[in-house]
Amino acid sequence: RGVVVRSEPDGSNFEVFAMGVRNTHEFVFDKYGNLITEDNDGDHAGERERLVYLIDGSDTGWRINWQFGKYTDPKNNTYKVWMDEGMNIPKWDGQAAYFLPPIQNYVKGPTGMTYNPGTALGPEWYDHFFISEFRGTPASSPIHAFTMETNGAGFKLGKTQEFVKGLLPTGIDFGPDGALYFGDWITGWNNKKEGRIWKMDIPGQVNSPIRVETKKLLQEDFSEVQNETLQKHLGHQDMRVRTKAQFELVKRGDEGFDVLKLATNSSNSQLTRIHGMWGISQFARKNVAQAAALVPLLADDDLEIIAQAAKLIGDTNYSETSDLLIPLVNHSNPRVQFFATEA
């Protein structure tokens, strides 16, 4: 029942984060830390792959025996639970409630997937996911660009369009230069001793100031950068720069913790605050008492900050906040409700 697992860098705290996915090649975080994937289908007639929002402890339903139909009851061998009970499609009245249904049935044969870090390509492609569709022939295997929109505590598919076609794409990622790179299987399904790597870009954007700046910062040694500058980088337009600054501050121990805590101040940008919170949660995963720095944010004016605080407090198992979390279960905002409930 395909799983996504996680652990600390040293292998400790190993756990199953999400299960019930099928043959997921790649999963990606957006700028708010939401984990999105597209799993491959079970090869049933009439089935389509699923766009899925993965949350801590989620089960999205898949079981491997449903693919092969190796049932032992002669009276039941033709019954396919996955298809016949509508488990492969988005939420509908009467669907089993024990698993998290997909957002939508989407592209066929997904291989690579990535998310624009905030500066790549050009402004019209910010906040977009990109996914490769592998169907054996270049004519039917485009790379799609799509957006996600809030839908209650979860998401729905926003815009979707073909970004490039005529190739057979596999793995896909953004380079530090802001261009999109992807592998090309050329044609067919079988193994071969050749392949190509393509670089895709937008005319007129290659030397844009934000892309030049981002490349420089991604190549820079942040161990030599002052705390004040790292705090500024926590709000950078590119999430790779923000994350790099966050991790460097965590490496600095107590002084880094103080900077991260300062970054959560309401006068800073939302993304600065969120990366400050994420850095604090890294400390709290090793010393849960440090999650106390997140508690005041449960009463913040920004709903996303409240949701993030509830999520992180729950994730670190900081148990001193039950009296503050319980009222949030009835909050008017579904995202706050959900993470408070989960916590």
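Just the heavy atoms: all of them, side chains too, but no hydrogens, waters or symmetry mates, feed the values below.
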Looking only at atom types and distance, does a side-chain atom of D184 sit under 3.5 Å from a main-chain N or O of I197, one as donor and one as acceptor? no
Using side-chain heavy atoms (C-beta onward) and a distance below 4.5 Å, is P169 in contact with S141? yes
Atom pairs and distances, donor-acceptor, side-chain atoms in residues 86-95, under 3.5 Å, two or more places apart:
{"residue": "W92", "atom": "NE1", "partner": "G86", "partner atom": "O", "Å": "3.0"}
{"residue": "Q95", "atom": "NE2", "partner": "G86", "partner atom": "O", "Å": "2.9"}
{"residue": "Q95", "atom": "NE2", "partner": "I89", "partner atom": "O", "Å": "3.0"}

Approximate separation, where rounding is to 0.5 Å, of K311 NZ and I306 CD1: 15.5 Å
Test of understanding: with side-chain contact (heavy atoms from CB on, under 4.5 Å), list the residues that count as partners of K251, not counting sequence neighbours. E248
Nearest 0.5 Å, please: how far is CZ in F182 from CG in L168? 10.0 Å
Does any non-hydrogen side-chain atom of T37 lie less than 4.5 Å from one of E26? no
Salt-bridged, E8 to R285, with N to O below 4.0 Å? yes
If you draw a 6.0 Å radius around CG in N190, do more than 12 non-hydrogen atoms from other residues or ligands fall strictly inside? no
Any donor-acceptor N/O pair, K244 side chain to L217 backbone, under 3.5 Å: yes
Is there a donor in the side chain of H331 and an acceptor in the side chain of Q337, or the other way round, less than 3.5 Å apart? no
Would you say the side chain of L121 lies within less than 4.5 Å of the side chain of F130, judging by non-hydrogen atoms? yes
Less than 4.5 Å apart, side chain to side chain, heavy atoms only: is that true for E38 and V107? yes
For N34 and R335, test the side chains for any donor-to-acceptor distance below 3.5 angstrom and give the result as yes or no. yes
Between CG of L298 and CG of L324, what distance do you get to the nearest 0.5 Å? 6.0 Å
When you compare the side chain of E47 with that of W82, does any pair of heavy atoms fall below 4.5 Å? yes
Are the side chains of I36 and V52 in touch, meaning some heavy atoms are under 4.5 Å apart? no
Less than 6.0 Å separating the ring centroids of W62 and F99? no
Are any side-chain N or O atoms of K80 and backbone N or O atoms of W66, one a donor and one an acceptor, separated by less than 3.5 Å? no
The criterion is side-chain contact (heavy atoms from CB on, under 4.5 Å); which residues satisfy it with N207, sequence neighbours excluded? none
For H236 and R242, which I'm curious about, is there any donor-acceptor pair between the side chains at under 3.5 Å? no
What about F222 and H233, are their ring centers closer than 6.0 Å? yes
NZ/NE/NH1/NH2 to OD/OE distance under 4.0 Å, R273 and D300: yes
Any sub-3.5 Å donor-acceptor pair from S7's side-chain atoms to F14's backbone N or O? no
Can you tell me how far apart CZ (F134) and CD1 (I143) are? Round to the nearest 0.5 Å. 12.5 Å
Tell me every residue that passes side-chain contact (heavy atoms from CB on, under 4.5 Å) with T119, counting only those two or more places apart in sequence or in another chain. I210, T214, Q237, D238, R240
Assess whether atom CG of D323 is packed by more than 12 heavy atoms of other residues, nucleotides or ligands within 6.0 Å. yes
By side-chain contact (heavy atoms from CB on, under 4.5 Å), which residues pair with A179, not counting sequence neighbours? D177, Y181, K199, D201, R211
With distance as the sole criterion, is a donor-acceptor pair present between the side chains of R252 and N227 under 3.5 Å? yes
Using a distance-only test with no angle check, is there a side-chain donor-acceptor pair under 3.5 angstrom linking E49 and N105? no
Under a single-linkage definition using a 4.5 Å side-chain heavy-atom cutoff for Ile, Leu, Val, Met, Phe, Trp and Tyr, are L303 and L328 assigned to the same hydrophobic cluster? yes
Which donor-acceptor pairs under 3.5 Å do side chains of residues 145-162 form with protein atoms, sequence neighbours excluded?
{"residue": "T147", "atom": "OG1", "partner": "K159", "partner atom": "N", "Å": "2.9"}
{"residue": "T160", "atom": "OG1", "partner": "Y106", "partner atom": "OH", "Å": "2.4"}

N-O pairing of R22 and D39 below 4.0 Å: no
Should D127 and K31 count as an ion pair when the cut-off is N to O under 4.0 Å? yes
Any sub-3.5 Å donor-acceptor pair from T229's side-chain atoms to V225's backbone N or O? no
Does the ring center of Y115 lie less than 6.0 Å from the ring center of F174? no
Side-chain donor or acceptor of N265 paired with backbone N/O of N268 under 3.5 Å: no
Distance col, row H128:NE2 vs T114:OG1, nearest 0.5 angstrom, shows 13.5 Å
Return yes if some donor-acceptor pair links the side-chain N/O of E133 with the main-chain N/O of K108 below 3.5 Å, else return no. yes
Counting distance only, does the side-chain N/O of T24 pair as donor-acceptor with the main-chain N or O of V21 below 3.5 Å? no
